Q: 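First, the structure itself, so that you have it in front of you.
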Amino acid sequence: MDKAMSEQNNRGIIREINGPIVTITLPGVRNGEQVKIGERGLYGEVITLRGDNAVVQAYESTEGVRPGEPAEALGWPLSVELGPGLLGSIFDGVQRPLEEIFEGHGDHIPRGLSLPALDREKSWHFVPEESLERGTHLESGIRLGTVQETETVEHRVLVPPDRAGELVELAPEGDYTLEDTIGRVRTPDGRTRKLKLYHRWPVRNARPYVKRDHGVAPLITGQRILDTFFPLLKGGKGAVPGPFGAGKTVVQQQIARWSNADIVIYVGCGERGNELVDILETFPTLQDPYSGRKLMERTLLVANTSNMPVVAREASIYVGMTMAEYYRDQGYDVVMLADSTSRWAEALREVSGRLGQMPVEEGYPAYLASRLAAVYERAGRVETGGCDKGSVTLIGAVSPPGGDFSEPVTAHTKEIIQTFWALSKELADARHYPAIDWTGSFSEHVSTAGKWWHKEIDPDWEARRGEALALLARDAELLRIVNLVGPEALSSAQRWELEGAALIKDGVLQQSALDEVDTFSSPEKQFLLLDMALTVYEKGAELIELGVPVQELTDLPLLAKARRAKQVYDSTQTEQLLELMEEFNQSFDKIRTEYAKFEEHAQ
Amino acid sequence: MSAREYRTSSYAQGGLLEVRNTPEVSFGDRVLIRDHMNRIRNGQVIKSSEGSVLIQVFEGTSDIDLESTWVRFLDEPFEISLSPELLGRVFNGIGQPKDGRPPIVSNLRRNISGTAINPAARTYPREFIQTGISTIDGLNSLVRGQKLPIFSASGLPHNRLAAQIVRQAKLVDEESHFSIVFAAMGVSYADARFFQEEFSNSGVLGNVVMYINLADDSPVERLALPRVALTAAEYLAFELDRHVLVVMTDMTNYAEALREVGTAKGDVPSRKGYPGYLYSDLAEIYERSGRIRDRHGSITLVPVVSMPSDDITHPIPDLTGYITEGQIVLSRELHNQGIYPPVHISPSLSRLMKDGIGKDDTREDHPRVANQLFALYARALETRNLASIIGADELSERDRRYLGFADEFDKRFVGQDEDEDRSIIETLNLAWELLSIFPKDALTRVKETDLAKYHHTGD
Ligand SMILES: Nc1ncnc2c1ncn2[C@@H]1O[C@H](COP(=O)(O)OP(=O)(O)OP(=O)(O)O)[C@@H](O)[C@H]1O
Ligand SMILES: [Mg+2]
C-alpha cells in the first residue's frame, strides 16, 4: 500500500458508505476531482476534504461497495466532450451516451461504465477557414473551420479556450475522426499543442466569452401566451413554476419543438423516463417550422430521470449548460430547458443532508440561493471570441411542493429570472391550457420585445397587449362581484366585458399543444387573433353604448367562430383570418344599421 | 466470514440495529439476526463503515436486547428467486411464503432494488386499456405501461374501484398473457381478504402474485415490499412477456414507514417530517413501470394513495403526482351523494391519454369530446358554486343549463354500477347525450364535423 501511495499518490481506501456519500482516505486529492470508487469502478466526485479523508458523492448506486475497497483519484474534474456528434443524441447526467449504452448493455444502465460521449470512429468532413495562415495569432474562440454536423447545423470548430496561440499548422479539407489532429498552435508558454475536432471542458466552470451583450430579439415560441403576453428574449432567463400536472413539461416541450432557436438542449432532470422517450420518438419525425428539417437535428437531450442516481442529477444541469455554452460560442442562439430545477435543488439538499450540513429552510442548505443564481447566470447573450453573437436562453421548470410558490426554490428563482410563467392548478383543472395564469406571470422584456414586434409585425402590438391585459384584469374584478352578489348586479356593458374577456381566454390565450393546427402560432397569426378578439369586443361595446341589448350580442354565432379561428386557420392562412375579421366587421355594421332603423321606428 | 455471528450490537431503535467490531460489509447486503429467543429476523445494511454497520431490520427491533442478539452477514445483496411458480402464490414483504407452501426455488435471482431503466430503452406507452369505467376510459384513459394512481381517502371506495379495474381491464382478455401483481402494505386483514376473494371470484387467482404486509405486520417490511413485488413484475413482464398490472395499496403506509425509519436514522426532514429523499425513493418504485423496446410485456402500475385529511397537497399524494403519469382522484362529496365510482374528474388526469386515443385507437372525436366535457364541467362547477351563494333562481337561463348538465353528468356519466362494464363507444355516446344539452355554438372545443356527426339536434 505504501508503495502505491508513494508512487502515484492517487490511490486510496474506502472507509464508509452512506448511500451515495462515500468517505475515502485519499491524500492529495483535490476538491471537485473525479474518483473511481471500489472494485466496480463507480464514478464520483470529491465534494469535501477532511484531513486525509475525501468525502465523495457517487454518480451511481453504491450498493455492494464495502469499506476497505480501493479507490482512485483521476486527476481531473467532471468534464464533458465538446465536438461534432452531440446533436441528436441522448446522454445521461454525466454525459454517457444512452443510446450506445442501450445497444451495448441492454435495457438497464450498468454501473461503473465509462464510455466516451462522442463517437471516435465516425469521420467528419472538415473545411478549414481559408483566411487562416501559418503564424496567425489565434485567440480562443476563433473559427478554425467547419464540419456539417447535421443537415441544418454547421458545426464551427473553434480554438478551445485554453489553446490560444500562434497557428503552426492547419489540416487541409478532408475527412477526419475526432482523434485526428487538425492543427497545431504554439501557446504563449512555448509549447506546441494539438488541435482536434473536439476538446474537453470542466462543467462547473462557465466557458469564457469576450463580453456580455444585452438581449435584443424575443425568442419566438409559437405559443401565444408566451410570445404575446410574457415574452422572453434570446439570452434571457425564464422559469415555469407550477404544481404537478399543470403543464410545465408541455410548455418546455412546446418551446423545444417550435421556438426559433438554432439549438435546443433539453435536460430531463429528475423527471419521467417516458417524457424523454416522447421527444426521442417524435422529434425525428417533426419538422422545424423555420428550417423545414427534422427537429431532432438541432436537439440534444440530457437525461437523469427520477429513478436514476440523485448525485448525477445535480451534475446534469451543468453538463447541459456547458454544451449550451459550447454552441453559443459558435454563434448560435441556444435554448436550454431544465425540467425540473427543483429536482436539482433537492439533489443538493440530499447531499448536504448526508454531510450533516446545517439546513436553513425546508431542509435546503444555505447555499441554495447562490448556487441557483450561479446556474442562471450562465445564461445570456454574449460576444464570442470569434466576434460572433451567441446566446443561451435558460428556461427552468420549478416544481413547488403542494404548488406553494412561497417555498424556497420558487421564491429564489423568482428573484433571479426575468420572465415568470406561473402555472395554475385552477386553470389546469378547467383544462385551460397552457395553464399560465396571466395575473401571476410577468416579463421584464415587454418593451424590448415590443421593438421587435412593432418593426416586424404590427406597431400596435404593445398597445393591444395592454388592452387585452386590462380587459382580463377587469374581468377578474367583475367575476369577484358576480360571486358575491350574482350576475344581476352587472350592467350590460360589464356583462359584455365578461364576454370579451372570455373570448380572449378561449380564442387567444388557450392553445392546445395537441391540436395539429393550433400547436404553433406564428407571430402574425398571434397578433391577428388578438386583434380580432379585441375588435369583436370593442365593436360590441359600441353597440351596447347605443343601447343594443347585451343578450342579442352574446347570442351571435360569430363568437363561436372567433373562438374556433385558432384551430381552423393555420399560421399561413393570415388572409383568411383577415377575411374573417372583415366578415365580423360587416356583421356588426349590419346590427348597427338595423338597430338604428329599429330605433327610428320606435320613435 | 459469512458463517460467523457477531454479538456486538450497540444500538437498537425504530427498526435499526447498529453492530460494532464488524468485518467489512458491503452496503446493501443481507443480514440475518437471531434474537434471545432464537427467532430469526432479516435485515439489510444501510450504512457501512470500518468497524461498524447500521442495519435496517425488516421485522423491527422490538423485543431485542443488545446482549444476546447474534448477527450474521450473508455477504450477498437482497435478491429474490424468480420462476413462473410465483403465479398463484402469496408472500410477505420480503418475499417469504405466506401461504404455507414452500419457498420458490430457482437459479434465477434478482436484486430487489433493480437498476434504472435506460430512458433510451423505453418505448412510449400508447395502447388503450378499456376499463369499462366512463370517467377513466372517456376522460382519463389508461394505457399499457402507464403509472396511474388512485388518490383516495379513508372511507372512500378505492379498493372497490381498483378491483373493478382489475376485473374489467380488457388486458384480461388475453388469457395467457396477463398477470396481476398485488402489493399490499399496512392494509387491514379485511381489505387483503377482499382482494383475495375478488381474484378468486373472477377466476384469475392463478395469474396473481400477492405480496401482503398487514397493518399489524412490521412497518420496516413495507420498505422492501414494493421492490420485491416489482422485481417479480419485471420478471413476468420482460422475461415472460406478460402484460402485468400491478396494484399497490396503500402507498401512504409505505411513505409513513419510510419516515419512521428515516427519523430514527436522523435524516434531515423536509416537509411534514418526511425525508428529503421521499421523491427519489417513490420514483425508484413508480418508474419501474413502463414499456421497453423489443419486449412484448409491460408493467402498468395502479397504486392507491390515500390522502391524509383529504389533502391532495400532502407530501405523499403531492410527490406521487409529480412522478406518476396522472392520477384518478376520488371525492368525498360525490361519495356522500351516493355516486359510485366517486371520481372527481377536474383534478384527475391521464398524461398518456393523448397517444392512446382517437381515430385508430378509440374513436376520432374522443380527444375533443374529453376536452369539451372537462371544460363544461369546470364551468358547471363554478355555476354550482354560484348557485349555492345566490340561489339557483337568480341564475340566468344559460347558467341553469350548466347546473342541469352538472347533475346529469354526475349521475349518468360518473355514476355507474360496480359490475357495469361500458365499452368506450358506449361511453362516448353517453358523452354526446350530455353534450347535446348545449346548443352547438356553446361547444367550441369540438370540431364542426364532430357536431354534425354526433350532436343530437334536429337541424
Ligand atoms: N398546452 C397544452 N395543450 C394540451 N394539453 C396540455 C397542455 N399543457 C398541459 N397539457 C395537459 O396537461 C398534462 C400535464 O402536463 P405536464 O406533464 O406538462 O405537467 P407538469 O407541470 O410538467 O407536471 P409534473 O410536475 O408532474 O411533471 C399533459 O399531459 C397534457 O395532457
Ligand atoms: Mg413535468
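Predicted model, so just to flag it, every value in this text is computed and none were measured. Naming convention: chains lettered A, B, ... in sequence-line order (proteins, then strands); numbering from 1 in each chain.
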Q: Indicate whether any N or O donor in one side chain lies under 3.5 Å from an N or O acceptor in the other, for B:Arg144 and B:Ser298.
A: no

Q: Please flag which part of A:Tyr433 lies under 4.5 Å from any non-hydrogen atom of chain B: side chain, backbone, both or neither.
A: side chain

Q: Any side-chain to backbone donor/acceptor pair from A:Arg495 onto A:Val550? Under 3.5 Å, distance only.
A: no

Q: Check whether any side-chain heavy atom of B:Lys272 lies under 4.5 Å from a side-chain heavy atom of B:His314, and answer yes or no.
A: yes

Q: Starting from the C-alpha separation in whole Å, work towards a yes-or-no answer on side-chain hydrogen bond (donor to acceptor under 3.5 Å, both in side chains) for B:Gln56 and B:Lys265.
A: CA-CA 10 Å; B:Gln56 166 174 298; B:Lys265 269 196 292 184; 5.3 Å; no

Q: Which bit of A:Glu361 is near chain B, if near means a heavy-atom gap under 4.5 Å: side chain, backbone, both or neither?
A: neither

Q: Less than 4.5 Å to any heavy atom of chain B: does that hold for the side chain of A:Val568, its backbone, both, or neither?
A: neither

Q: Using non-hydrogen atoms and a 4.5 Å limit, figure out which bit of A:Lys248 sits close to chain B: side chain, backbone, both or neither.
A: side chain

Q: Measure distances from B:Pro317 to the heavy atoms of chain A and classify the residue's part below 4.5 Å as side chain, backbone, both or neither.
A: backbone

Q: Using heavy-atom distances under 4.5 Å, tell me whether B:Leu349 contacts chain A through its side chain, its backbone, both, or neither.
A: both

Q: Please determine if A:Glu350 and A:Arg354 form a salt bridge, counting it only when a charged side-chain N lies under 4.0 Å from a carboxylate O.
A: yes

Q: Do A:Glu271 and A:Arg343 sit within salt-bridge range, that is, some charged N less than 4.0 Å from a carboxylate O?
A: yes

Q: What part of A:Ser61 gets within 4.5 angstrom of chain B, counting heavy atoms only: side chain, backbone, both, or neither?
A: neither

Q: Give, as side chain, backbone, both or neither, the part of B:Ser52 having an atom under 4.5 angstrom from any heavy atom of chain A.
A: neither

Q: Quick one: of B:Arg368, B:Lys354, B:Arg379, B:Arg293, who has the most non-hydrogen atom pairs under 4.5 Å with chain A?
A: B:Arg293

Q: Give, as side chain, backbone, both or neither, the part of B:Ile389 having an atom under 4.5 angstrom from any heavy atom of chain A.
A: side chain

Q: Should B:Arg122 and B:Glu287 count as an ion pair when the cut-off is N to O under 4.0 Å?
A: yes

Q: Which atoms of B:Ile345 are under 4.5 Å from chain A, going by heavy atoms: the side chain, the backbone, both sets, or neither?
A: backbone

Q: What part of B:Glu76 gets closer than 4.5 Å to chain A, counting heavy atoms only: side chain, backbone, both or neither?
A: neither

Q: What part of A:Pro557 lies closer than 4.5 angstrom to a heavy atom of chain B: side chain, backbone, both or neither?
A: both

Q: Measure A:Lys425 against the heavy atoms of chain B and call it side chain, backbone, both or neither at under 4.5 Å.
A: side chain

Q: Report which part of A:Leu514 has an atom under 4.5 Å of a heavy atom belonging to chain B: side chain, backbone, both, or neither.
A: side chain

Q: Mind checking whether B:Arg227 and B:Glu284 have side chains closer than 4.5 Å, heavy atoms only?
A: yes

Q: Given that the side chain runs from C-beta out, which part of A:Pro400 has a heavy atom under 4.5 Å from chain B: side chain, backbone, both or neither?
A: both

Q: Under 4.5 Å from any heavy atom of chain B, what part of A:Val65 do you find: side chain, backbone, both or neither?
A: backbone

Q: Check whether B:Arg288 gets within reach of chain A through its side chain, its backbone, both or neither, counting any heavy atom under 4.5 Å.
A: neither

Q: Under 4.5 Å heavy-atom distance to chain A, tell me which part of B:Pro269 shows up: side chain, backbone, both or neither.
A: backbone

Q: Under a 4.5 Å heavy-atom cut-off, does chain B meet the side chain of A:Leu98, its backbone, both or neither?
A: both

Q: Between B:Thr313, B:Asp318, B:Asp311, which shows the greatest number of heavy-atom pairs under 4.5 Å with chain A?
A: B:Asp318

Q: How about A:Thr25 and A:Asn53: does a side-chain donor come under 3.5 Å of a side-chain acceptor?
A: yes

Q: Would you mind telling me which of B:Ser346, B:Ser270, B:Gly266, B:Gly391 has the largest number of heavy-atom pairs within less than 4.5 Å of chain A?
A: B:Ser346

Q: Using non-hydrogen atoms and a 4.5 Å limit, figure out which bit of B:Arg295 sits close to chain A: side chain, backbone, both or neither.
A: side chain

Q: Indicate whether any N or O donor in one side chain lies under 3.5 Å from an N or O acceptor in the other, for A:Arg66 and B:Ser26.
A: yes

Q: Using non-hydrogen atoms only, which part of B:Asp294 is less than 4.5 Å away from chain A: side chain, backbone, both, or neither?
A: side chain

Q: Who among B:Thr324, B:Asn371, B:Asp355 has the most heavy-atom pairs with chain A under 4.5 Å?
A: B:Thr324

Q: Using a strict 4.0 Å threshold on nitrogen-to-oxygen distance, state whether A:Asp339 and A:Arg272 make a salt bridge.
A: no

Q: Are any of the side-chain nitrogens in A:Arg564 or B:Glu448 under 4.0 Å away from the carboxylate oxygens of its partner?
A: yes

Q: Of the listed residues (B:Gly326, B:Ala378, B:Gly321), which shares the most heavy-atom pairs with chain A below a 4.5 Å separation?
A: B:Gly321

Q: Using non-hydrogen atoms only, which part of A:Glu362 is less than 4.5 Å away from chain B: side chain, backbone, both, or neither?
A: both

Q: With respect to chain A, which residue among B:Gly290, B:Ala375, B:Pro347, B:Gly28 yields the maximal number of heavy-atom pairs within a distance under 4.5 Å?
A: B:Pro347

Q: For the pair B:Arg398 and A:Asp555, find out whether any cationic side-chain nitrogen is under 4.0 Å from an anionic carboxylate oxygen.
A: no

Q: Please look at B:Tyr322 and chain A and tell me whether the side chain, the backbone, both or neither of the residue comes under 4.5 angstrom of a heavy atom of that chain.
A: both

Q: With a 3.5 Å distance limit and no angle check, can you tell me whether B:Lys47 reaches the backbone of A:Asn18 through a side-chain donor-acceptor pair?
A: no

Q: Between B:Asn111 and chain A, with a heavy-atom cut-off of 4.5 Å, which part of the residue counts as in contact: side chain, backbone, both or neither?
A: side chain

Q: Side chain, backbone, both or neither: which part of B:Arg126 has a non-hydrogen atom closer than 4.5 Å to chain A?
A: side chain

Q: So what's closer than 4.5 Å to chain B heavy atoms on A:Glu99: side chain, backbone, both or neither?
A: both

Q: Between A:Arg15 and B:Glu50, does any side-chain N to carboxylate O distance fall below 4.0 Å?
A: yes

Q: Should the pair A:Arg96-A:Glu100 be classified as a salt bridge under the 4.0 Å nitrogen-to-oxygen rule?
A: no

Q: Flag the one option from A:Leu484, A:Leu276, A:Asn483 with the top tally of heavy-atom pairs under 4.5 Å to chain B.
A: A:Asn483

Q: Would you call A:Asp92 and A:Tyr59 a side-chain contact if the rule is heavy atoms closer than 4.5 Å?
A: no

Q: Taking 4.0 angstrom as the limit, do B:Glu79 and B:Arg110 come out as a salt bridge?
A: no

